[in-house]
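Read through the structure below, which is laid out as structure tokens, and then see the notes.
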Amino acid sequence: MNAVKIKERSISRTKKDVTFDIVNGIIWFAVLLAVLYPLWLVLIASVSDAEAIIGGKVFLWPVDPSFSGYRAVFQHQEFMRSFLNSIFYTVAGTSLSVIVTMMAAYALSRKFAGKKAVTLYFLFTMFFTGGLIPQFLMNMQLGLYNTMTLMIIINCVSVWNLMITRTFISTSIPNELYEAAAIDGANHFTYFFRVILPLSGTIIAVLCVFYGVARWNDYFTGLVYIRDDWKMPMQTILRRLVASLERSGSADAMLDFFGDAASRAERLRLAEVTKYSAIVVSSIPVVGLYIGMQRFFVKGVTLGSLKG
Amino acid sequence: MCLLERIGRAVKRDWQLYVLLLPAIALVFIFCYLPMYGIQIAFRDFRAVQGIIGSPWVGLKHFTDFINSFYFGRLLSNTFLLNFLGLLWGFPFPIIMAILLNQMRGKRFKRFTQTSIYLPNFLSPVVIAGMLFLFLSPSTGLVNRAIEAFGGQPTHFMLEESWFRSLFIGSEIWQRAGWNSILYIAALTAIDQGLYEAATMDGATKFQKIIHIDIPHLIPIIVMLLILNCGALLTSNTDKAYLMQTAGNIPRSDIIGVYVYRMGLLRGGMFSYTAAIGLFTNVINFVTIITVNWICRRLGETSLF
């Protein structure tokens, strides 16, 4: 690039670079501290003694380690049931999303009559939606309100993911492969299942993470569409436990849970540590999925930046 | 006849592709296009017994009601300011992070850093809000214990309306800055290594390489993302704002999406009025994004579609 004009300098350049590296190192140390410390804090608080947390003594290492918070979480029936619900919604919803997206993306990567219209049909929904209320009324009329079906099929196709996948298929799987397979008598179905799916490992992994995380973390759908407690996804229950202001007495869901166990002071203490444990337990699945699949990300996200 | 024949031939040739498309088309139809049909409720007075089609027409009544209401200015400015300030503070972070990461020495440390800064992106809004409530609690949170230790008075951050935007935007940056740097990192890794080597030969320092190689290469993406973000200044991050909303901070935390949910569904009843508010903002968003895309295309870089 011709914009690179370098002036000759008499000062030793290695010395300047060393200074740069030191400053850069210090900056990253600070950034990592800022990013990881809150997470570390949740983790150590979840295994500490409630008294120490409330007293502000837990800030570096766990104090008086105990697993009473985790024990309480695993005994919390409402939480555990919603946890299983969320696993079900996530696994079923993600599987459906991935297969539907792969099928449509493959079709969109090939030539056919009406391709432009179909692409526009999908793209339009990225820019204009009916809005919350019309969607709610329509789902109500379709009889989907308060059903587990809705939790699985709503937001099933993300147009963004669909476009990423289409780009991946059309750029990474050569067309000649289809022509060769067609000579051998393959049609679109056999080609899709025998050739496209086996060659799309990377993008399927990316889709699993994007769809899976979105579903696991989704709070609003459950809030709007689910009425019965036993169908609630975990985020709704988690919110009741951790993300509300402490109120006096029975309004705090946690205090209720420890109702008969002990005195009010004791309940308050247990509730405090259990909140941290609940956050940890609720995040383990997504963090695990992320750590396991991270090597695919940069590729997947970069694909999205390609012009469709 | 000719057209029918052509359609017939296309179907015969491509029917398998149409079958593969069908599930996606159907799902998008049910959850995106049927609601668009339901938009008409914004021009009617919804009555549960009569259904969407049977309710009487009222024209633009709900729109004028909204524009004349006390909430109009408050909701619009809250939504706009939250997005605008979030963009102002949040936009530079991913760029700086990508550039500094690119200069980092040591593969292992680099990898560890990348894994760490992407991680918060995967936490749910409930967890983020939960952490804010826990850390900032006046009676049990660590932040207020620290303030007390330095002789200050505990503050009920989540109840203070003046703290809402800082907390919202700050936690947003904490959660997303690392993840949003991925695009810039990818652009930087695509730069020809020969440029850096040539610059080194000419005696360029790392800082000079950033100024003269990295930044010029990032400008197109920066411009595009900036313009795209400007097209989303009236959208609502409803989940998070709702989760962080308390009786105290409601004058600031009431953004359009939250208000629509609260008045339309939570308290119930005001379906038509809130549908009108939703439509009003959707139309504005639609017009902005189309304009913005048009500008992008004129600039000749990239367009979204």
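Letters A, B, ... are given to chains in the order of the sequence lines, protein chains preceding strands, and every chain is numbered from 1.
Chain A forms more heavy-atom pairs under 4.5 Å with one residue of B/Leu265, B/Ile117, B/Val19, B/Ile41 than with any other, namely B/Leu265. Contact count against chain A (heavy-atom pairs under 4.5 Å) is highest for B/Ala275 among B/Gly178, B/Ala177, B/Ala275.
For A/Phe112 and B/Tyr18, the gap between ring centers is short of 6.0 Å.
The aromatic rings of B/Phe207 and A/Phe20 sit tilted, their planes meeting at an angle between 30° and 60°. Ring planes of A/Phe124 and B/Phe286: perpendicular class, angle over 60° (limits at 30 and 60°).
Interface residue B/Ile210: only side-chain heavy atoms are found under 4.5 Å from chain A. If you measure heavy-atom distances from B/Leu279 to chain A, the contacts under 4.5 Å come from the side chain alone. Residue contact with chain A, scored on non-hydrogen atoms closer than 4.5 Å, involves the backbone and the side chain of B/Leu101 alike.
The two residues A/Ala107 and B/Leu21 come nearest to each other via the heavy atoms CB-CG, 3.6 Å. Here the closest heavy-atom approach between residue A/His188 and residue B/Gln16 is recorded as N-OE1, 3.1 Å.
One N or O on the side chain of A/Tyr290 and one on the backbone of B/Thr115 form a donor-acceptor pair closer than 3.5 Å. In this structure a side-chain-to-backbone donor-acceptor pair under 3.5 Å is present from A/Asn217 to B/Phe122.
Annotation: residues 24-34 of chain B contacts chain A through B/Ala24, B/Ile25, B/Leu27, B/Val28, B/Phe29, B/Ile30, B/Phe31, B/Cys32, B/Tyr33, B/Leu34 [non-hydrogen atoms, separation under 4.5 Å]. By a heavy-atom distance cut of under 4.5 Å, A/Asn24, A/Ile27, A/Trp28 are the residues of residues 22-29 of chain A near chain B, going up by number.
Within the 4.5 Å cutoff, the side chain of A/Glu272 has heavy atoms near those of the B/Leu134 side chain.
Classification of A/Arg110 and B/Asp14 as a salt-bridged pair fails, no side-chain N sitting under 4.0 Å from a carboxylate O.
Applying the side chain to side chain contact (heavy atoms under 4.5 Å, CB included) test between A/Phe128 and each of B/Ile290, B/Asn285, B/Val283 identifies B/Val283 as the sole match.
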